[in-house]
Asker: 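Below is one structure. I have some questions about it.
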Amino acid sequence: MKLRIAPSPTGSLHIGNARTALFNWLYAKANGGTFVVRIDDTDMERSTEEYKNNILENLRWLGLDWDEGVDVGGEHGDYKQSSRFERYRDIAQQLVENNFAYKDDGAIRFKVPENQTINFKDFVRGDMTFESSDVEDFVILRSDNSPTYHLASTVDDVDYGITIIARGEDILSSTPKHILIMEALGATLPKFCHLPLLFGSDGKKLSKRHGDTSVEAFRDKGILNDAMFNYLCLLGWSPGDDLEHFDREFAISKFDFNKVLPNSAIFDEKKLLWLNGQYIRSTSFEKFSNDALSQIGKDLNRELFNEETERLNIILPSVQERIETMNDLYDQVSFLLDEPFLVNDQEWESVNSIEAQKYLNIIRNKFIELDEFNLENIESLMRNVLEEEEIKTKVGFQSTRVAITGTKISPPLFESIFALGKETSIARLTESIEKLTN
RNA sequence: GGCCCCGUCGUCCAGAGGCCUAGGACGCUGCCCUCUCAAGGCAGAAACGCCGGUUCAAAUCCGGUCGGGGCUGCCA
């Protein structure tokens, strides 16, 4: 059993292609089949090396690997169609000689037989029937001697011994052409499986208009590869038992093309985001901390100082509980970094009051006298002052939050103060008192 | 227009004739928890496109209809 995906390097890896690749991979893994990745770059105008690399890199990022094909090799060369033009020309010539095709204005067209019924079985859609009278004679070799997709793709599938062709439903109407070529070549027909398409929120084919459509874009947004893999699995398939959060091994153990739905699905970024949050929360703290520190370093575009890392590790457990993507990290923890600390006037105004000023003043003085600056002491100190001075929690804590973190939305307050440390906390409180009483 | 595919809550999925007064999840609303924001917990609104037929019985089978989508390139 051999399956393949054949992306065209005319753009960054598209979510729809990623899902198709993923389903092929799952089926191959589930059945001990061989998975091939080949590059369909017959469109010389639009194909680039950068896109090719991008596609391969993102497939790997998703956790997919392949047994044969571009980059990993195999018995069929480099698995790029641009290297096999001679082969396609020979086949085209052979088809002409055997009267299956003919020259037309410099191009070569396949001669579609009259009154022939083309049948094939589709894993997802069952028995399919097309009439050859509905298929026009189609070009297989362009007048510039380059092969079209129909020829190149079909020849490769035959040459490489592909036994199951699982691809997007957009190719369903072209399948009769491919079958006709295969028959003319005397090849054994593979099985077909046309997977449902992915649509944008307006129900139209997922395209740039819908915002991000490439795997890379979501990767850049801080989506975890495990979450992306999991979410893509859920589009058109489910393992049953209402299970939604699962890993690759589990998906492999349950996957089958027969259980893939025939109807198209709409890509819902909201659910992806939610799932990503679930993954972040279920990651071990050790791994999360590692990823988080490297992400923050990336956002900062510099190495983190040891002191920063120490401070971050204090707050990170709390942050892990409340972010949706790794890109949400920076805003949550930036107050702990050795970077300019600025609070805008609006934030100050929104928490300013006589009571607040009084509260900040008292806790600052008590912080100075506090010998053991730990979580427990900070909390009890702050709560006691609230009680003694009869100041409302919101007034005291929110003003302290702005003073310490710079905003009204932050990780838990006591952890934030503890992570920031005694000295800096006192300095920020002092600064805030000056600012507020001005 | 022609050919083809598809049709369960707004969205993703469960449902393969009686277990369905249709289940789960995202999102949404409310409540609880609470130092903000989240997370978490609980509750709620929300769907079988429509019309016929088959059957004792249909979301599930058949036909039609309507709706959506794909293809119809010397793009893939």
Side-chain angles (χ1 to χ4, degrees), chain A residues 6-11 17 40-43 45-47 81 104-109 122 124-126 128-131 133-136 138-153 167-177 194 196-197 199 201-205 231 233-245 259 261-275 277-278 280-281 318-324 328 331-332 351 379 382-383 386 392-398 400-402 405 407-417:
Chain A
S8 291
T10 55
N17 290 136
D40 277 16
D41 54 354
T42 50
D43 185 346
E45 293 289 308
R46 298 191 300 146
S47 297
Q81 296 189 329
D104 174 42
D105 286 340
I108 293 179
R109 279 184 191 276
D122 190 286
V124 175
R125 282 151 230 284
M128 300 295 309
T129 302
F130 287 85
E131 294 301 329
S133 53
D134 290 323
V135 183
E136 311 253 312
F138 54 97
V139 172
I140 52 176
L141 199 72
R142 301 185 189 101
S143 44
D144 67 357
N145 262 329
S146 67
T148 62
Y149 161 74
H150 299 304
L151 209 227
S153 177
R167 73 236 293 202
E169 198 206 316
D170 50 341
I171 316 291
L172 184 57
S173 305
S174 295
T175 301
K177 296 176 184 170
H194 289 94
L197 262 21
F199 290 126
S201 48
D202 58 356
K204 296 273 163 58
K205 207 174 175 181
Y231 180 70
C233 284
L234 264 17
L235 262 21
W237 178 74
S238 92
D241 297 327
D242 290 330
L243 257 27
E244 296 203 299
H245 186 145
K259 285 192 292 186
L261 259 26
N263 48 298
S264 51
I266 289 172
F267 185 85
D268 180 10
E269 190 172 336
K270 286 251 182 62
K271 187 156 180 174
L272 205 213
L273 255 20
W274 166 80
L275 228 207
Q278 296 291 308
I280 287 175
R281 252 148 266 136
S318 298
V319 176
Q320 184 176 10
E321 290 304 312
R322 63 199 69 228
I323 57 171
E324 216 161 38
D328 298 339
D331 283 348
Q332 290 265 330
V351 294
E379 175 164 5
M382 288 182 66
R383 287 192 189 283
L386 234 38
K392 281 187 183 140
T393 309
K394 195 176 174 185
V395 172
F397 285 4
Q398 281 302 77
T400 306
R401 191 185 306 281
V402 171
T405 71
T407 76
K408 285 186 293 181
I409 297 172
S410 82
L413 189 53
F414 313 125
E415 278 95 325
S416 296
I417 293 170

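Sequence lines set the chain letters: A, B, ... in the order given, protein chains first and strands last, and positions in each chain run from 1. Since the structure is predicted, the reported quantities are computational estimates derived from the model, not experimental observations.
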Asker: Measure distances between side-chain N and O atoms of A:Asn263 and base N and O atoms of B:G7, and say whether any donor-acceptor pair falls under 3.5 Å.
Answerer: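 No such pair is found, so the answer is no.
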Asker: Can you tell me how far P in B:U65 sits from the matching atom in B:C5, rounded to whole Å?
Answerer: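 Approximately 15 Å lies between the P atom of B:U65 and that of B:C5.
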Asker: Roughly how many Å apart are B:G49 and B:G10, using the P atom of each and rounding to a whole number?
Answerer: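 Per the computed distance, 11 Å lies between those P atoms.
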Asker: Identify whether any heavy atom of A:Leu243 sits under 4.0 Å from a base atom; if not, whether one sits that close to sugar-phosphate; answer base, sugar-phosphate or nothing.
Answerer: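 No contact.
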Asker: With a 3.5 Å cut-off and just heavy-atom distances, do the side chain of A:Glu244 and the base of B:G24 make a donor-acceptor pair?
Answerer: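 A donor-acceptor contact between them is present.
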Asker: Which of the following nucleotides, B:U36, B:C35, B:G24, is nearest to the side chain of A:Thr393?
Answerer: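 The listed nucleotide nearest to A:Thr393's side chain is B:C35.
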Asker: What does B:A16 pair with, Watson-Crick or G-U, if both distances are under 3.5 Å?
Answerer: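 In the structure as shown, B:A16 has no Watson-Crick or wobble partner.
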Asker: NA contact type, A:His150, heavy-atom cut-off 4.0 Å: base, sugar-phosphate, or nothing?
Answerer: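 Base, at least one base atom sits under 4.0 Å.
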Asker: Rounding to an integer number of angstrom, what distance separates B:C20 and B:G15 when you compare their P atoms?
Answerer: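 Going atom to atom, P in each nucleotide, I get 14 Å.
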Asker: What integer number of Å spans the P atoms of B:C12 and B:A47?
Answerer: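 So the two P atoms sit 16 Å from each other.
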Asker: Do A:Gln81 and A:Asp41 have side-chain N/O donor and acceptor atoms under 3.5 Å apart?
Answerer: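 No, no side-chain donor-acceptor contact under 3.5 Å.
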Asker: Are A:Arg109 and A:Glu136 ion-paired here, with the side-chain N under 4.0 Å from a carboxylate O?
Answerer: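 The answer is no: the pair does not qualify as a salt bridge.
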Asker: Which base, if any, makes a Watson-Crick or G-U wobble pair with B:G1, both distances under 3.5 Å?
Answerer: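 Base-paired to B:U72.
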Asker: Rounded to whole Å, please give me the gap between NZ in A:Lys271 and C1' in B:C12.
Answerer: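 Rounded to whole Å, this separation is 5 Å.
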Asker: Taking the P atom in each of B:G41 and B:A25, what is the distance between them to the nearest angstrom?
Answerer: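 So the two P atoms sit 10 Å from each other.
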Asker: Which listed nucleotide (B:C35, B:C12, B:C5) is nearest to the side chain of A:Leu413?
Answerer: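 Of the options given, the side chain of A:Leu413 lies nearest B:C35.
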Asker: Can you check the distance between B:A59 and B:C3, where both ends of the measurement are the C1' atom (answer in whole Å)?
Answerer: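 Approximately 29 Å lies between the C1' atom of B:A59 and that of B:C3.
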Asker: Would you mind classifying the nucleic acid contact of A:Pro412 as base, sugar-phosphate or nothing, using non-hydrogen atoms under 4.0 angstrom?
Answerer: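 Base contact.
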Asker: Check the phosphate of B:C35 against A:Arg383, side-chain N and O only, distance under 4.0 Å to OP1 or OP2. Yes or no?
Answerer: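 Result: yes.
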Asker: Tell which nucleotide pairs with B:C28, taking only Watson-Crick or G-U wobble pairs whose two distances are both under 3.5 angstrom.
Answerer: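 Base partner found: B:G44.
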Asker: If the cut-off is 4.0 Å, is A:Gln332 near the phosphate of B:U36, judged by side-chain N/O to OP1 or OP2?
Answerer: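 Negative; the distance criterion is not met.
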Asker: Which value, in whole Å, describes the distance between the C1' atoms of nucleotides B:C9 and B:C48?
Answerer: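 My reading of the C1' atoms in B:C9 and B:C48 gives 10 Å.
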Asker: Using the P atom in both, what is the distance from B:G64 to B:G7, to the nearest Å?
Answerer: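 My reading of the P atoms in B:G64 and B:G7 gives 16 Å.
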Asker: Think A:Ser238 has a side-chain N or O under 4.0 angstrom from the OP1 or OP2 of B:A14?
Answerer: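 Yes, because at least one side-chain N or O of A:Ser238 sits under 4.0 Å from OP1 or OP2 of B:A14.
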Asker: Considering every strand and a 4.0 Å limit on heavy-atom distances, what is the contact class for A:Thr42: base, sugar-phosphate, or nothing?
Answerer: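 Counting heavy atoms under 4.0 Å across all strands, the contact made by A:Thr42 is with sugar-phosphate only.
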Asker: Taking any heavy-atom pair under 4.0 Å as a contact, classify A:Phe414: base, sugar-phosphate, or nothing.
Answerer: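 It contacts base atoms.
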